[in-house]
Amino acid sequence: MHESRGRVVVVSHRFSTSGLQSSYGTQPSNKSVSFTEESDTMKRAAAKKLIERYFYQLLDGCGNPNCDNVHCASSGKAKVLTPNQAAAQAIQLFSQEAQLCDTQPSKVARTSESDSEAGSQTTSNVDDISQSSTSHSIPSAIPGHSGLLQSKLSTQHEEKPIPHITEEKLLKILETCKRESSYSLLIRTLGEVFSSADSLFHSFVKRIPESPLEALLDKAPPGDLRLLKKEDVRTLEGDQDKDEDSQEAALREHCAQAALVLGHCSRPVRVDIGIWDTYVDLPSLRRAYAALFEQVPGTTLESVLVNALTTLAASMEITRQFAPASMCEGARLHCFVIILELPVLGQSEYLEVALPAICKEAVKMPLYTQGRLARIWAKHCRGRLKELLVSLQQLITLKVISGTFSRDHSVQDEDAIVAPTKLMKILYYANILAGELDSADLRREDPAALTDDPLLGVGFSGNKTSPLAQYEDPLAKELQINVLDSRKPLIPFTEFYNEPLSEAVEMDKDFAHFKSESDAAHMAHSQCPVAKFSFMWYSFILTPATKTLGLYYDNRIRMYSERRMSIYHSMVGQPVNPFLRLKVRRDHIIDDALVELEMVAMENPKDLKKQLVVEFEGEQGIDEGGVSKEFFQLIVEEIFNPDYGMFTWNQETQTVWFNPTSFESDAQFSLIGVVLGLAIYNNVILDVHFPMVVYKKLMGKRATYYDLEDWNNTLYKGLTQLLDYEGDDIEETFSQTFRVCYQDVFGTVLHHDLKEGGEQIPVNKANRREFVDLYADFLLNKSVEKQFRAFRRGFQMVTDESPLHLLFRPEEIEQLVCGSKNFDFNELEEATEYDGGYTAATTIIQQFWEIVHRMPLESKRKLLQFTTGSDRVPVGGLSKLKLIISRNGPDSDRLPTAHTCFNVLLLPEYESKEKLMDRLEKAINYSKGFGML
């Protein structure tokens, strides 16, 4: 390596400054070689040699003690530079045709200051070792550290090179096989390489730059290097510094892994790439795979690759269990990056045999290595993520459908389902990283939002742990992201749902696993071997309807716990009510409800976690769920009415928003939050029309300009036009300053300066982004900060200990609160059960469904309200609503009646279809109030 570098320098001496002028000047000399006749590659190579001379001249000088070149270290006039700074300065000097000293000693490229002290002996030793094993650079296990890490090689490695494969080798093998009309050489090679972790570790290794200069030039755009501007060089230098900073931070954070590599790797390791990069030459790997599967029949390769991959997984498992020191995690990561790029993983035997084995072993990687895989996928494999997701979904679905499960052996116990689910979590976070992200600063908890409300008493926010941190996923913490950061994922989150799995999961058992002590250990350390697996920790794969069951079990257990405590208090002579009882008048429902809830919040906030029981004064109904549903519907209708003054209505988007000029106290908004939390806690769907940004803010994320689209689409489009405007006359066209206006409930126009002296600051091309961000922040955050903070505190009084943040994303919270928007009554008909002698084939039942299907949507909603107590569709659709139609005697003039608590419709067997229609329409249009039957 040292001699090779010396030869390069000798060649570079042949290019003088006159050669530079003839190369890039306007009048080339007839005596010099004209580079314009050569290819772009040759010109770029020659330019790199000249830049290299500037690089060493800046760092080490020319060796002349009398040198007066200000750009030479020997003159004493040049600044002391780091290798990265020298690389950037060398490119600038090359562009300026700066003075270049005539003498230049041979130098060896350095990766950092520390490498210059390593000496030529280490370098030559590494060259000898590398040549004895493979001609490629050796992959790294730990990013962020500069220099060479040397370990002793075994005699076996010195005697016999490790088999490996590259794109060039594979293409030659394919040519040989085609010429000989036999695939025996290919089959033998693939079997040998893909069954050995050591062989894969040395395969498809990309070339790593040997110095900061080479790394900088590799990042430079194609074309004439002399045309690079100072801004371009600064950008390249900044990117290089960022890479180094991230690498150093990663090294400090994971020094234990570095020690592991030093002790366990049996190869010299060059650790000079970042945590977002891989030593796998992915473009070369993909070209090789494309050539392989295009030229060779799939049946020829299937057997050998499946056998090789299963053998590889088995050997990795044995190594991990009995000889963990024999392979570093960087080697395992290198292997899995290569394997998971295979385009055939979702086909036949690969799916059934090879992929489960690979998944099982891949998820055994430490958390840090899993994070690296997620980053590599996000940066380098964006086009591969969808295909890999489909393969994992197919595997899980196949195992769910073909498996036999019972209470003793559930889907949580099936490794072929659990392992791909765990691997899918890595892909899930890679999908977030590869999409559009907001700053993590937007979800920093405001300490004031978690303090006690003086108007509601103290103690309800006693849980000092933020809801976001309470159930923080270890991998998300490792990657320093959260699902709330995702503005738009690369793949829609809904494509991660697996419906067959969601239907097969027994959520009562899964919830028990979730709450077990071993799962608590799982949260602290995802590799805990005794942790019982729960899909609630992998909620991205479950449909919202299934996750709602998990939340239901959590809420019910808390309710039952409160009942047990009530029994205990009664036994010791301190009887307490086991329920949260509210007695209200229909005509004064707001005043009565808010007064009683305020009293509960002040005296004992924990009572809010008891089961809600509502009684309407003067009515005989017993609340088994139906009365509570009507209570919530009535209170929502009134409290969100714009005439009440707490919320405003946007006609365009059909949504309500907090009134920034409301006269109501904080306690009122807190109690509205309590009502929303109680609805979720008691599994009641509400008819509320919040924009999506409200649910994001409830989950702990501040709103941004992009959230305006759901709340005020016209304003969003106007601000987008301002940002996209390409003309230079923004001030004249938009005539906007940093002062904005808005109206209060009485129509009075109010003004607000987004910056001090905003009326005097016009919006122009330079500050328009700042204006948009400040305007959106004022509208969505600052102007309603007082009202929303109180509202969120009330919401958290009920949900603070709930796994709500773990299970649901903001858009799923909206479904949880508002229900589904799909009124498919065909689903309801298929899910309905019959009692009292009725069946699906009974004449009156067939007539009933003919009438229902012809109803307008408004009448259908009234029918739902009449039979279930709510006109909302539950999460998952009407198929999740278990309606029962029961025979209520022979033909009579009685109207149909309903037990809303149990979703039972009591229907007399009318003598004609016309009479049925008449009685049904009267029942759903004139029903109000409760009575005893």
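The two residues Met797 and Leu608 come nearest to each other via the heavy atoms CE-CD1, 3.4 Å. Smallest separation of non-hydrogen atoms from Ser502 and Thr543: OG-N, 3.1 Å. When all heavy atoms of Ile491 and Asn431 are compared, the closest pair comes out as N-OD1, 2.6 Å. Shown here for Trp849 and Thr832, the closest heavy-atom pair between the two residues is CZ2-OG1, 3.5 Å. Contact detail for Lys862 and Asn925: the closest heavy-atom pair is NZ-OD1, 3.0 Å. Nearest approach of Ser534 to His513, heavy atoms of both residues: CB-CB, 4.0 Å.
Annotation: side chain of Ile672 is in contact with side chain of Phe640 (closest heavy-atom distance under 4.5 Å). Looking at Leu816 and Leu804, their side chains come closer than 4.5 Å, going by heavy atoms from C-beta outward. Annotation: side chain of Leu883 is not in contact with side chain of Leu878 (no heavy-atom distance under 4.5 Å). Considering only heavy atoms from C-beta on, Leu551 stays 4.5 Å or farther from Met507 through its side chain. Thr799 has its side chain out of reach of Leu676: every pair of non-hydrogen atoms, C-beta onward, lies at least 4.5 Å apart. The shortest side-chain heavy-atom distance between Leu920 and Met855 falls under the 4.5 Å cut-off. A 4.5 Å side-chain heavy-atom check between Asp592 and Lys583 finds every atom pair outside the cut-off. Looking at heavy atoms from C-beta onward, Phe511 lies in side-chain contact with Asp554 at the 4.5 angstrom threshold.
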Report task. Run the numbers on Val674 and Phe795 for side-chain contact (heavy atoms from CB on, under 4.5 Å), then give the verdict. Result -> CA-CA 5 Å; Val674 169; Phe795 181 77; over 6 Å; no

Could you give me the CA-CA distance, side-chain angles and deciding distance for Phe616 and Val584, then say whether side-chain contact (heavy atoms from CB on, under 4.5 Å) is met? CA-CA 5 Å; Phe616 284 103; Val584 296; 3.9 Å; yes

Intermediate values then yes/no, side-chain contact (heavy atoms from CB on, under 4.5 Å), Leu582 and Glu596: CA-CA 7 Å; Leu582 297 180; Glu596 291 206 34; 3.7 Å; yes

Exercise for the section: Given side-chain contact (heavy atoms from CB on, under 4.5 Å), test Phe848 with Leu905 step by step and report yes or no. Expected result: CA-CA 12 Å; Phe848 172 82; Leu905 174 63; 3.8 Å; yes

Step-by-step side-chain hydrogen bond (donor to acceptor under 3.5 Å, both in side chains) determination, Thr714 to Glu652:
CA-CA 8 Å; Thr714 299; Glu652 179 190 10; 2.9 Å; yes

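Scored by the side chain to side chain donor-acceptor pair (under 3.5 Å) test, Glu506 finds Arg407 as partners (sequence neighbours excluded). Residues passing the salt bridge (charged side-chain N to carboxylate O under 4.0 Å, His left out) test with Glu495, sequence neighbours excluded: Lys386. For the salt bridge (charged side-chain N to carboxylate O under 4.0 Å, His left out) test, residues two or more places apart in sequence or in another chain that qualify with Arg487 are Glu436, Asp438.
Glu829 and His853 are linked by a side-chain donor-acceptor pair at a separation below 3.5 angstrom, with hydrogens and angles left out of the test. Counted by atom type alone, Ser410 and Gln412 present one or more donor-acceptor pairs between their side chains at under 3.5 Å. Between the side chains of Asn822 and Ser820, no donor N or O sits under 3.5 Å from an acceptor N or O.
The salt bridge (charged side-chain N to carboxylate O under 4.0 Å, His left out) analysis of residues 533-547, with sequence neighbours excluded, yields the pairs Lys547-Glu812. Pairs passing the side-chain hydrogen bond (donor to acceptor under 3.5 Å, both in side chains) check and including a residue from residues 675-685, sequence neighbours excluded, do not occur.
Electrostatic pairing of Asp473 and Lys425 counts as a salt bridge here, judged by a charged N lying under 4.0 Å from a carboxylate O. Under 4.0 Å is where a charged nitrogen must lie from a carboxylate oxygen, and between Asp777 and Arg702 at least one such pair does. Between Glu630 and Arg586 there is a salt bridge, since a side-chain N of the basic residue sits under 4.0 Å from a carboxylate O of the acidic one.
You'll find the ring centres of Tyr706 and Tyr716 outside the 6.0 Å limit. A centroid separation of 6.0 Å or more is found between the aromatic rings of Phe791 and Phe669. No close placement of the Trp657 and Phe647 rings is indicated, their centers lying 6.0 Å or farther apart. Not less than 6.0 angstrom separates the ring centroid of Phe514 from the ring centroid of Tyr553. Two rings, from Phe540 and Tyr497, have their centers 6.0 Å or more apart.
Using a distance-only test at 3.5 Å, with no hydrogens or angles considered, a donor-acceptor pair links the side chain of Thr867 to the main chain of Leu863. With hydrogens and angles disregarded, no donor-acceptor distance shorter than 3.5 Å links the side chain of Lys882 to the backbone of Asn903. Within the 3.5 Å criterion, the main-chain N or O of Leu580 finds no donor-acceptor partner in the side chain of Gln611. The backbone N or O of Glu827 lies less than 3.5 Å from no partner atom in the side chain of Glu830, so there is not a single donor-acceptor pair. With hydrogens and angles disregarded, a donor-acceptor distance shorter than 3.5 Å links the side chain of Asp485 to the backbone of Asn482. Asn659 places a side-chain N or O within donor-acceptor distance of the main-chain N or O of Gly645, the cut-off being under 3.5 Å. Side chain of Ser886 to main chain of Leu906: no donor-acceptor pair is present (N/O by atom type, distance under 3.5 Å, no hydrogens or angles).
The distance from the CG atom of Asn498 to the CG atom of Leu542 is 9.0 Å, given to the nearest 0.5 Å. Note: Ser802 OG to Leu807 CG = 7.0 Å, rounded to the nearest 0.5 Å. Taken from CG in Asn888 to CG in Leu895, the straight-line distance is 11.0 Å, to the nearest 0.5 Å. In this structure, Asp510 CG and Ser539 OG are separated by 10.5 Å, a value rounded to the nearest 0.5 Å. To the nearest 0.5 angstrom, Ile557 atom CD1 is 15.0 Å from Lys609 atom NZ. The distance from atom OG of Ser486 to atom CD1 of Ile432, rounded to the nearest 0.5 Å, is 5.5 Å.
More than 12 heavy atoms of other residues, nucleotides or ligands lie within 6.0 Å of CD in Glu811, so this atom counts as buried by the packing criterion.
Tyr428 pairs in a ring pair (Phe, Tyr, Trp, His ring centres under 6.0 Å) with only one of the listed residues (Trp537, Phe496, Tyr538), which is Phe496.
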Residues 685-700 side chain polar contacts: donor-acceptor under 3.5 Å, at least two apart:
from: Asp687; atom 1: OD1; to: His689; atom 2: NE2; distance (Å): 3.1
from: Asp687; atom 1: OD1; to: Arg872; atom 2: NH1; distance (Å): 3.0
from: Lys696; atom 1: NZ; to: Asp707; atom 2: OD1; distance (Å): 3.0
from: Lys697; atom 1: NZ; to: Leu780; atom 2: O; distance (Å): 3.2
from: Lys697; atom 1: NZ; to: Asn781; atom 2: OD1; distance (Å): 2.9

